[in-house]
Amino acid sequence: MKNVNVFSAAFILLSFSFVFTSCKRDTTDFVSATEQILIRSAWSVDYYYNNQDMTNSFSSSRILFSSTGAVGYQKDGQTIPGKWSINTDVTNNEMITLQFNTSDANVSMLNKSWKLTHRSTSSMQFVETDGTANIFFRIKTQ
């Protein structure tokens with residue numbers, strides 16, 4: 001009888017270990033709400049601040065996000081290609097990283113990892129701290 005109880009206890013423990021270790025959340029097809037909002041619309045820079053208001057540097061431009069990780073900055077009939085990604089930092093803040101392939105000084109100001117501080121279906125606000133200054137960036141749907 002003692003052997004049966006030991007066998008039963010071992011079987012129960014083994015069963016629990018499979019239940020708690022073999023089930024993993026599949027996030028390969030996970031698309032965040034932020035990504036869904038970004039890829040749905042064309043965006044314009046509503047506000048950009050880096051020690052002064054620099055919003056006029058982005059007038060008449062559009063930013064287009066793709067679900068493939070591509071991003072385009074359009075202005076005056078030209079499109080500057082780039083890439084973007086979304087992830088979370090160690091404190092679970094959503095981070096958007098933009099990297100445009102350009103030497104244009106204005107567009108290069110967007111090449112950063114931005115912490116998302118506000119999100120709605122029509123606007124998003126980001127902040128980046130470079131150690132000396134806070135840089136704010138806000139986009140809105142067109």
Side-chain angles (χ1 to χ4, degrees), residues 3-142:
N3 287 340
V4 172
N5 286 339
V6 170
F7 177 73
S8 296
F11 179 75
I12 291 171
L13 287 173
L14 185 61
S15 297
F16 276 118
S17 69
F18 281 123
V19 168
F20 291 113
T21 60
S22 65
C23 295
K24 293 182 181 176
R25 184 175 170 195
D26 181 11
T27 60
T28 55
D29 294 330
F30 177 76
V31 177
S32 75
T34 301
E35 181 176 347
Q36 289 176 355
I37 294 168
L38 284 170
I39 64 176
R40 192 177 318 161
S41 302
W43 297 85
S44 63
V45 176
D46 184 46
Y47 184 69
Y48 190 98
Y49 181 87
N50 183 356
N51 295 319
Q52 64 182 3
D53 185 348
M54 302 178 76
T55 308
N56 285 336
S57 300
F58 301 97
S59 65
S60 304
S61 65
R62 297 173 10 140
I63 302 173
L64 302 166
F65 294 88
S66 168
S67 62
T68 64
V71 63
Y73 179 90
Q74 294 179 336
K75 186 170 182 171
D76 300 329
Q78 294 184 332
T79 301
I80 298 171
K83 58 186 177 179
W84 77 283
S85 62
I86 186 170
N87 58 25
T88 54
D89 67 9
V90 294
T91 57
N92 287 328
N93 294 306
E94 281 189 286
M95 302 293 292
I96 306 291
T97 301
L98 296 173
Q99 186 63 50
F100 290 97
N101 304 320
T102 185
S103 58
D104 182 302
N106 292 331
V107 180
S108 292
M109 291 189 297
L110 300 174
N111 289 344
K112 299 183 184 313
S113 288
W114 300 93
K115 181 171 80 171
L116 180 66
T117 58
H118 167 77
R119 177 185 73 201
S120 74
T121 57
S122 61
S123 71
M124 292 197 191
Q125 184 169 303
F126 306 94
V127 65
E128 193 271 344
T129 303
D130 68 1
T132 59
N134 286 327
I135 304 169
F136 302 96
F137 171 48
R138 185 174 59 228
I139 56 177
K140 67 176 183 175
T141 57
Q142 291 191 321

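Computed over heavy atoms, backbone and side chain alike; hydrogens, waters and symmetry mates excluded.
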As a quick check of understanding, evaluate side chain to side chain contact (heavy atoms under 4.5 Å, CB included) for Tyr48 and Asn56, giving each step before the final call. CA-CA 8 Å; Tyr48 190 98; Asn56 285 336; over 6 Å; no
For Glu94, enumerate each residue passing the side-chain hydrogen bond (donor to acceptor under 3.5 Å, both in side chains) test, keeping only those at least two apart in sequence or located in another chain. Thr34, Arg119
So which heavy atom on Ser66 is nearest to which on Ile39, and how close? C-CG2, 3.6 Å
When every non-hydrogen atom of Thr97 is compared with those of Ser113, the smallest separation belongs to OG1-OG, 2.9 Å
Nearest non-hydrogen partners of Ile80 and Phe100, listed with the distance: O-CD2, 3.7 Å
All heavy atoms of Asp104 vs all of Thr102, minimum pair found to be N-OG1, 2.9 Å
So Ile96 and Leu38, do their side chains get closer than 4.5 Å, heavy atoms only? yes
If you look only at distance, which donor and acceptor atoms sit under 3.5 Å apart when one is on a side chain in residues 135-142 and the other is two or more places apart or in another chain?
unit_1 : atom_1 : unit_2 : atom_2 : d
Arg138 : NE     : Asp46  : OD2    : 2.7
Arg138 : NH2    : Asp46  : OD2    : 3.2
Gln142 : NE2    : Ser61  : O      : 3.3

Do you know the tightest heavy-atom contact between Ile37 and Trp43? O-CZ2, 3.5 Å
If I take atom CG from residue Leu116 and atom OG1 from residue Thr88, how far apart are they, to the nearest 0.5 angstrom? 12.0 Å
Run the side-chain hydrogen bond (donor to acceptor under 3.5 Å, both in side chains) test against Asn92 and tell me which residues pass, sequence neighbours left out. none
NZ of Lys75: more than 12 outside heavy atoms within 6.0 angstrom? yes
Say you draw a straight line from OG1 of Thr79 to CZ of Arg62; how long is it, rounded to the nearest 0.5 Å? 8.5 Å
Kindly compute the distance separating CZ (Phe126) from NZ (Lys115), expressed to the nearest 0.5 Å. 12.5 Å
Using side-chain heavy atoms (C-beta onward) and a distance below 4.5 Å, is Phe58 in contact with Met109? yes
Those residues at least two apart in sequence (or on a different chain) that pass side-chain hydrogen bond (donor to acceptor under 3.5 Å, both in side chains) with Ser103 are none
Just say parallel, tilted or perpendicular for the rings of Trp84 and Phe65, cut-offs at 30° and 60°. perpendicular
Asn101 meets the side-chain hydrogen bond (donor to acceptor under 3.5 Å, both in side chains) criterion, sequence neighbours left out, with none
Partners of Ser120 by side chain to side chain contact (heavy atoms under 4.5 Å, CB included), sequence neighbours excluded? His118, Ser122, Ser123
